[in-house]
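What follows is a short report on a single structure.
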Amino acid sequence: MNNNVLLIVIVGLVSILNFEACYGQLKIGFYDGKCGNQDVESIVNSVVTGSFPTDRSMAAALLRMQFHDCFVTGCDASLLLDGDSSEKKAGANLNVRGYNLIDEAKTAVEQACPGIVSCSDIIIMATRDAVALSGGSAARYEVETGRRDGIISRATDVDLPGPGISVSSAIDQFVNKGLTATDMVVLLGGHTVGIAHCNFFQDRLWNFDNTGSADPSMDPALVETLKLQCPEGKNDESVTVNLDQSPSSSNIVDNSFYQAIRSSRGILEIDQKLALDPSTTDAVATLANDGFRFLNLFGKSMVNLGGVGVLTGTDGQIRLRCNSVNAN
């Protein structure tokens, strides 16, 4: 091979590598210049902002949606796909909501630039915007985009950490997804907003570990309050309680979750264990005492979560409708 041919091969290889670096990975501002003179993130933000005044629980809904999507087969919007046996039909996902908001945002970006913006990126952007609206400007974080959408969604793939999981097992599940123990502690702080159905914690009130008594790690006053809402032997799925029992902050993304679990007021068993386990108790104390540190770490961990199992480059597709795979 002569020098001129070798040079052409090297230049070509570098060009390919540069192309993959630009289009095969996530990055901040991926859609800059790809939607004419429209700003994709602003379009999504306007939809979320317009919905927020009538549903201030939207941050909790979208945080749950992102976690339930990313923690199964990766952040590929497979949770959004309809089907008799899709992820939507798994027991853990039956109460996930926010689909209409994602569809509204998808319609808006499709009108601006058809076939460019993935549903998986819309979940990530919309969740960030809802968190910022709930927690204030300090809660806003930059997100990386460039994901593509998956084409497979199976209820049998859904294996999410349950409310009674141990701290060590929870850490293991997060590590298996490429996340860290710190990510686990911080992302559970998302329980500063949202609700829980009685069946997720009822045993802690009436028959913890088959003792016939309440969980001794729960504040007795809280036990009595929750017993009124979740009577023994009744499983009314319409009854829910706030994960943050402080009325002034139950829909605000802040560090009140950590303050609550340090006061034995965690609703879910795993939440309370977080404050008691020797491997996480110091981190809980730090986050309980420093709200700005929590918000900073929460944004970083949400970005880390958004990087789990992503499809980029030519993998997957850009769905035209978030609830269905494009026809061939």
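Numbers here simply count residues along the sequence, with the first being 1.
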If you apply the rule side chain to side chain contact (heavy atoms under 4.5 Å, CB included), what do you find for Phe201 with Val241, and how did you get there? CA-CA 10 Å; Phe201 61 88; Val241 304; 3.5 Å; yes
Start with the C-alpha distance between Ile28 and Val143, add both sets of side-chain angles, then the distance that settles side chain to side chain contact (heavy atoms under 4.5 Å, CB included), and finish with yes or no. CA-CA 6 Å; Ile28 294 172; Val143 295; over 6 Å; no
Worked verdict on Ser246 versus Ser256 for side chain to side chain donor-acceptor pair (under 3.5 Å): CA-CA 8 Å; Ser246 174; Ser256 60; over 6 Å; no
One pair to check against side chain to side chain donor-acceptor pair (under 3.5 Å): Ser78 and Glu87. What are the steps and the verdict? CA-CA 7 Å; Ser78 53; Glu87 290 176 32; 2.6 Å; yes
Quick one: do Val131 and Arg140 satisfy side chain to side chain contact (heavy atoms under 4.5 Å, CB included)? Show the steps, please. CA-CA 7 Å; Val131 167; Arg140 185 174 178 82; over 6 Å; no
Test Asp129 against Phe52 for side chain to side chain contact (heavy atoms under 4.5 Å, CB included), laying out the working first. CA-CA 10 Å; Asp129 293 338; Phe52 190 74; over 6 Å; no
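Partner of Thr73 under the side chain to side chain contact (heavy atoms under 4.5 Å, CB included) criterion, chosen from Leu79, Val158, Asp157, Leu311: Asp157. The only option from Asp282, Thr281, Asp277 that meets the side-chain hydrogen bond (donor to acceptor under 3.5 Å, both in side chains) definition with Ser279 turns out to be Asp277. No option in Leu62, Leu80, Leu101 other than Leu80 meets the side chain to side chain contact (heavy atoms under 4.5 Å, CB included) test with Ile123.
Side-chain contact annotation: Thr211 with Asp209, donor-acceptor N/O pair under 3.5 Å absent. Using a 3.5 Å distance cut-off with no hydrogens or angles, the side chains of Asp149 and Ser120 do pair a donor with an acceptor. Between the side chains of Gln25 and Thr312, no donor-acceptor pair is found at a separation under 3.5 Å. In this structure, a donor-acceptor pair under 3.5 Å is absent between the side chains of Thr49 and Ser46. A donor-acceptor contact closer than 3.5 angstrom links the side chains of Ser249 and Asp244.
Because its NZ or CZ atom is both nearer than 6.0 Å to the ring centre of Phe71 and within 45° of the ring axis, Lys177 counts as a cation-pi partner of that residue.
Residues Val175 and Val167 fall within the same hydrophobic cluster, defined by Ile, Leu, Val, Met, Phe, Trp and Tyr side chains chained together at heavy-atom separations under 4.5 Å. The same ILVMFWY cluster, assembled from side-chain heavy atoms under 4.5 Å apart, contains both Met65 and Tyr141. Ile151 is not connected to Ile116 by any chain of hydrophobic side-chain contacts under 4.5 Å among Ile, Leu, Val, Met, Phe, Trp and Tyr, and they are in different clusters.
With sequence neighbours left out, Phe298 forms a ring-ring contact (aromatic ring centres under 6.0 Å, His included) with Phe294. For Leu297, the side chain to side chain contact (heavy atoms under 4.5 Å, CB included) partners two or more places apart in sequence, or in a different chain, are Val186, Leu287, Arg293. Here Asn304 pairs with Asp183 under the side-chain hydrogen bond (donor to acceptor under 3.5 Å, both in side chains) rule; sequence neighbours left out.
Interatomic distance, Ile267 CD1 to Cys198 SG, rounded to the nearest 0.5 Å: 10.0 Å.
Dense packing is recorded around CD1 of Ile252, with more than 12 heavy atoms of other residues, nucleotides or ligands lying under 6.0 Å away. By the 6.0 Å contact criterion, CG on Asp84 is open, its count of non-hydrogen atoms from other residues, nucleotides or ligands being 12 or less.
Under a 4.0 Å N-O distance rule, the pair Arg148/Asp315 does not qualify as a salt bridge. Ion pair Glu232/Lys227 not flagged as a salt bridge, since none of the NZ, NE, NH1 or NH2 atoms sits closer than 4.0 Å to an Asp/Glu carboxylate oxygen. Salt-bridge annotation for Asp82 and Lys88: present, with a side-chain N of the basic residue lying under 4.0 Å from a carboxylate O of the acidic one. Between Asp103 and Arg321 there is no salt bridge, since no side-chain N of the basic residue sits under 4.0 Å from a carboxylate O of the acidic one. Residues Arg97 and Asp55 are paired through a salt bridge, judged by an N-O separation under 4.0 Å between the basic side chain and the carboxylate.
What you find for Ser134 and Asn251 is that their closest heavy atoms are OG-O, 2.7 Å.
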